[in-house]
**Student:** 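Mind having a look at this structure? Questions to follow.
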Amino acid sequence: MHFSANISWLFQDVPDFPGRIEAASQSGFRAVEVAWPYASDRTLFKAALNNHNTSLVLLNTPPGNIEAGELGLAAVPGRQDEFRTGLNEAVRWASDLGCDRIHIMAGRVPLGLERQNIEEEMEETFIENLQYAADILAQAGMVGLLEPINSLISEPRYFLNTPQHAASILQKVKRPNLKLQMDLYHWQIMGGNLTQNIKTYFPLIGHVQIAQVPHRNEPDSPGELNFMYLFDLLQELGYQGYVGCEYKPQGDTAKGLGWMKKYLKYCHVDNKTN
């Protein structure tokens, strides 16, 4: 099992991404992921990755205008040009930093509109943009990821909420380099039944993220999910990708990584006895 530190969430006591890359490396991570690095100096970001022998394994497309309530543009009607501009920027960053996965953010239902009145148009826009994005990403040797984000706690207006909806979209887009980004935090909130859902959608999964439910803290904090079981399930199914640590540390990030060290030690012992 390979873990990546989401440096948009972890090591918040360090003020900049290059510093968080260093902190992640010192804490045992060999990979990081990030939401939106675009306000950073890319040269310094790249130097930090190289200096600490760390890989960048995921970044997101730009969110649009956060101050105006946007969180991605791929499914927002009338914003196709801005989406494509943002996608191109994401590809430039990913190419330069050696990252081969980009989370294509669907976005929120526009303010002032109700989902039922614009849902069909948003889906058509999403499919159109995903087909365009898949072709651009294929040229760069990259994979695009769709992440369902829960609408019950985190994002009531986010367009893509369930693995079922995301799988349906992927079936309509029909591009082999588009995959599911499975955040177990969101999947548990939006219906649970994780064992069956993981098995059902496993062929589509291109990246995994974790956080305990309901407080979105470390995997071994009090909550609903048994991560030792879920990690073993992913191993049994043959998952070869990264598991992104996208959670809110309860305190110092490094001191809260005992769960990861425990699991990796368990895997090492298990491998030696098989």
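Along the sequence shown, residues carry numbers from 1. What you see is a predicted model; the values in this text were computed from it and never measured.
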**Student:** Please determine whether side chain to side chain contact (heavy atoms under 4.5 Å, CB included) holds for the pair Q12 and T253, giving the CA-CA distance in whole Å, both sets of side-chain angles, and the decisive distance to 0.1 Å.
**Tutor:** CA-CA 8 Å; Q12 290 285 316; T253 298; over 6 Å; no
**Student:** Are Y38 and N60 close enough, and set up right, to give a side chain to side chain donor-acceptor pair (under 3.5 Å), and what steps lead you there?
**Tutor:** CA-CA 10 Å; Y38 306 109; N60 296 353; over 6 Å; no
**Student:** Under 6.0 Å between ring centres: does that hold for Y242 and F29?
**Tutor:**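 They do not qualify: ring centres at least 6.0 Å apart.
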**Student:** Kindly give the heavy-atom pair with the smallest separation between V34 and N6, and that separation in Å.
**Tutor:** CA-OD1, 4.3 Å
**Student:** Which distance, rounded to the nearest 0.5 Å, do you find between the OG of S27 and the CG of D252?
**Tutor:** 8.0 Å
**Student:** Do Y263 and F227 touch side chain to side chain, with heavy atoms closer than 4.5 Å?
**Tutor:**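 Counting from C-beta outward, Y263 and F227 never come under 4.5 Å.
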**Student:** Please report the interatomic distance CG(N197) to CG(L180), rounded to the nearest 0.5 Å.
**Tutor:** 10.5 Å
**Student:** A side-chain contact here means heavy atoms from C-beta on lying under 4.5 Å apart; do K199 and L233 qualify?
**Tutor:**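 K199 reaches L233 side chain to side chain.
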**Student:** Is L170 close to Y201 at the side-chain level, that is, under 4.5 Å between some pair of heavy atoms?
**Tutor:** no
**Student:** State, to 0.1 Å, how close S4 and G244 come at their nearest heavy-atom pair, and which atoms those are.
**Tutor:** OG-CA, 3.3 Å
**Student:** If two hydrophobic side chains count as joined below 4.5 Å and joins carry through other members, does I136 share a cluster with V173?
**Tutor:** yes
**Student:** I want to check something: taking the side chain as every heavy atom from C-beta on, are L49 and V32 in contact at a cut-off of under 4.5 Å?
**Tutor:**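 Sidechains of V32 and L49: in contact.
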**Student:** To check you understand the geometry: which heavy-atom pair defines the closest contact between A134 and R175, and what is its length?
**Tutor:** CB-CG, 3.4 Å
**Student:** Which heavy-atom pair separates I149 from N161 by the least distance, and what is that distance?
**Tutor:** O-ND2, 3.1 Å
**Student:** Between E123 and F159, is the side chain to side chain contact (heavy atoms under 4.5 Å, CB included) condition met? List the steps.
**Tutor:** CA-CA 9 Å; E123 180 160 314; F159 175 69; 3.9 Å; yes
**Student:** Please check: side-chain N/O of D96 versus main-chain N/O of R92, any donor-acceptor pairing under 3.5 Å?
**Tutor:**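 Checked: no pair found.
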**Student:** Quick check: does any side chain N or O of T61 sit under 3.5 Å from a backbone N or O of M105, one acting as donor and the other as acceptor?
**Tutor:**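 Yes; at least one donor-acceptor contact below 3.5 Å.
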**Student:** Counting N and O atoms only, with roles assigned by atom type, does the side chain of S168 sit under 3.5 Å from a partner on the main chain of Q164, one being a donor and the other an acceptor?
**Tutor:** no
**Student:** Output the distance between atom CE (M260) and atom CG (L257), rounded to the nearest 0.5 Å.
**Tutor:** 5.0 Å
**Student:** Is there a path of hydrophobic side-chain contacts, each under 4.5 Å between heavy atoms, that joins I118 and L111?
**Tutor:**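 In one cluster: no.
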**Student:** I need the K172 NZ to K174 NZ distance, nearest 0.5 Å.
**Tutor:** 11.0 Å
**Student:** In the single-linkage hydrophobic clustering (I, L, V, M, F, W, Y; side-chain heavy atoms under 4.5 Å), do M190 and M122 co-cluster?
**Tutor:**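 Result: yes, single cluster for both.
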**Student:** So does A106 get a backbone contact from the side chain of Y158, meaning a donor-acceptor N/O pair under 3.5 Å?
**Tutor:** yes
**Student:** Would you say I102 ends up clustered with F17 if hydrophobic residues are merged whenever their side chains have heavy atoms under 4.5 Å apart, either directly or through other cluster members?
**Tutor:** yes
**Student:** Can a donor-acceptor pair be found, under 3.5 Å and without considering hydrogens, that links the side chain of Q80 to the backbone of G78?
**Tutor:** yes
**Student:** Quick check: closest heavy atoms across P148 and L146, and the distance to 0.1 Å?
**Tutor:** CD-O, 3.6 Å
**Student:** Evaluate whether atom CD of Q116 has more than 12 neighbouring non-hydrogen atoms of other residues, nucleotides or ligands under 6.0 angstrom away.
**Tutor:**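 Counting other residues, nucleotides and ligands, CD of Q116 exceeds 12 neighbours.
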**Student:** Kindly work out whether a path of hydrophobic side-chain contacts (I/L/V/M/F/W/Y, heavy atoms less than 4.5 Å apart) joins V143 to F126.
**Tutor:** no
**Student:** Within the distance-only criterion (no hydrogens, no angle test), does the side chain of W187 pair as donor or acceptor with the backbone N or O of G192 below 3.5 angstrom?
**Tutor:**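 Between the backbone of G192 and the side chain of W187 there is no qualifying donor-acceptor contact (under 3.5 Å).
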**Student:** Which donor-acceptor pairs under 3.5 Å do the side chains of residues 204-220 make with protein atoms, sequence neighbours left out?
**Tutor:**
from	atom 1	to	atom 2	distance (Å)
H207	NE2	E33	OE1	2.9
Q209	OE1	Q181	NE2	3.1
Q209	NE2	E33	OE2	2.7
Q209	NE2	E246	OE1	3.2
Q212	OE1	E224	N	3.2
Q212	OE1	L225	N	2.8
Q212	NE2	P219	O	3.0
Q212	NE2	S221	O	3.2
Q212	NE2	L225	O	3.1
R216	NH2	H186	NE2	3.4
R216	NH2	E246	OE2	2.9
N217	ND2	K248	O	2.8
E218	OE1	Q250	N	3.2
E218	OE2	Q250	N	3.2

**Student:** Within the side chain of S25, is there an N or O that forms a donor-acceptor pair under 3.5 Å with the backbone of I21?
**Tutor:** no
**Student:** Evaluate N177 against M142 for side chain to side chain contact (heavy atoms under 4.5 Å, CB included), listing each step before the verdict.
**Tutor:** CA-CA 7 Å; N177 65 325; M142 296 178 186; over 6 Å; no
**Student:** If you look at every heavy atom in A74 and I104, which pair is closest and at what distance?
**Tutor:**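 Shortest heavy-atom contact: CB-CG2, 3.8 Å.
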**Student:** Is a side-chain N or O of R101 found less than 3.5 angstrom from the main chain of L58, in a donor-acceptor match?
**Tutor:** no
**Student:** Please check: side-chain N/O of R157 versus main-chain N/O of R108, any donor-acceptor pairing under 3.5 Å?
**Tutor:**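 Between the backbone of R108 and the side chain of R157 there is no qualifying donor-acceptor contact (under 3.5 Å).
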**Student:** Would you compute the distance between atom CZ of R79 and atom CG of L73 and round it to the nearest 0.5 angstrom?
**Tutor:** 5.0 Å
**Student:** Taking the side chain as every heavy atom from C-beta outward, state whether F83 and T125 have any atom pair closer than 4.5 Å.
**Tutor:**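 No - every pair of side-chain heavy atoms lies 4.5 Å or more apart.
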**Student:** Keeping the roles fixed (side chain from S154, backbone from N150), state whether a donor-acceptor pair exists under 3.5 Å.
**Tutor:** no
**Student:** Please step through side chain to side chain contact (heavy atoms under 4.5 Å, CB included) for the pair L56 and W93, ending with a clear verdict.
**Tutor:** CA-CA 10 Å; L56 179 67; W93 272 77; over 6 Å; no
**Student:** Report the residues that fulfil salt bridge (Lys or Arg N to Asp or Glu O under 4.0 Å) with D41, sequence neighbours left out, ordered by chain and then residue number.
**Tutor:** none
**Student:** When rounded to the nearest 0.5 angstrom, what distance separates CG in L137 from CG in L178?
**Tutor:** 7.0 Å
